[in-house]
Amino acid sequence: MTSDSLSQSDISQLSSLVTESLHRRREMLDTWAEEDTDCYRILHGAVEGLPGVTVDRYGPTLLFQTFREPLLLGQEEAVRAITDRVGDALRVTLRP
């Protein structure tokens, strides 16, 4: 693993940060849902504690960008779990 890869610790931190960002954005997310807006940034890592990582929603797709090396084998399951958590919070079905 290179220093530019996401570590398991980063993945755990990402999960927590996504949960926190959903909580902070709850009012905006509700407004966007009422307006049928389904494209927006859920997590901006440079501002929210994990530089080099963003999570964006584009309709039914959740886009994880690492601006680093690709995810390591086994991390896909964590990304799916985060996607499910975001989908539950937004009351929509998403895919990573």
Is the CD atom of Glu35 crowded by more than 12 outside heavy atoms at less than 6.0 Å?
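Correct, the count exceeds 12.
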Let's go through Glu20 and Glu48 carefully: what are the C-alpha distance in whole Å and the side-chain angles of both, what is the deciding distance for side-chain contact (heavy atoms from CB on, under 4.5 Å) to 0.1 Å, and is it a yes or a no?
CA-CA 9 Å; Glu20 292 168 16; Glu48 297 181 270; over 6 Å; no
Do NZ/NE/NH1/NH2 and the carboxylate oxygens of Arg91 and Asp30 come within less than 4.0 Å?
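Yes, this pair counts.
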Ser15: which residues meet the side-chain hydrogen bond (donor to acceptor under 3.5 Å, both in side chains) condition with it, sequence neighbours left out?
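Only Arg85 meet the side-chain hydrogen bond (donor to acceptor under 3.5 Å, both in side chains) criterion with Ser15.
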So Asp84 and Leu94, side-chain contact (heavy atoms from CB on, under 4.5 Å) or not? Walk me through it.
CA-CA 7 Å; Asp84 290 345; Leu94 297 171; over 6 Å; no
Partner residues of [X] under the side-chain contact (heavy atoms from CB on, under 4.5 Å) criterion, sequence neighbours left out:
| X | value |
| --- | --- |
| Ala89 | Leu22, Arg26 |
| Thr61 | Arg95 |
| Tyr58 | Cys39, Asp56, Leu63 |

What distance do Leu50 atom CG and Ser21 atom OG have between them, rounded to the nearest 0.5 Å?
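If we round to the nearest 0.5 Å, Leu50:CG and Ser21:OG are 11.5 Å apart.
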Distance from Tyr40 atom OH to Arg25 atom CZ, nearest 0.5 Å?
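Reported to 0.5 Å precision, the distance equals 10.5 Å.
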If you look at every heavy atom in Gln13 and Gly49, which pair is closest and at what distance?
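It is NE2-O, 2.9 Å.
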Give me the atom names and distance for the closest heavy-atom approach of Phe67 to Val53.
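Nearest pair, atom of Phe67 first, then Val53: CD1-N, 4.3 Å.
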Pairwise side-chain contact, [X] with [Y], heavy-atom cut-off 4.5 Å (strictly under):
| X | Y | result |
| --- | --- | --- |
| Ile82 | Thr19 | no |
| Leu43 | Phe64 | no |
| Thr31 | Met28 | no |

Could you walk me through whether Val79 and Leu62 pass side-chain contact (heavy atoms from CB on, under 4.5 Å), step by step?
CA-CA 10 Å; Val79 167; Leu62 209 57; over 6 Å; no
With sequence neighbours excluded, residues passing salt bridge (charged side-chain N to carboxylate O under 4.0 Å, His left out) with Arg80:
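Arg80: no salt bridge (charged side-chain N to carboxylate O under 4.0 Å, His left out) contacts found.
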With Arg57 via salt bridge (charged side-chain N to carboxylate O under 4.0 Å, His left out) - residues at least two apart
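Expected list: none.
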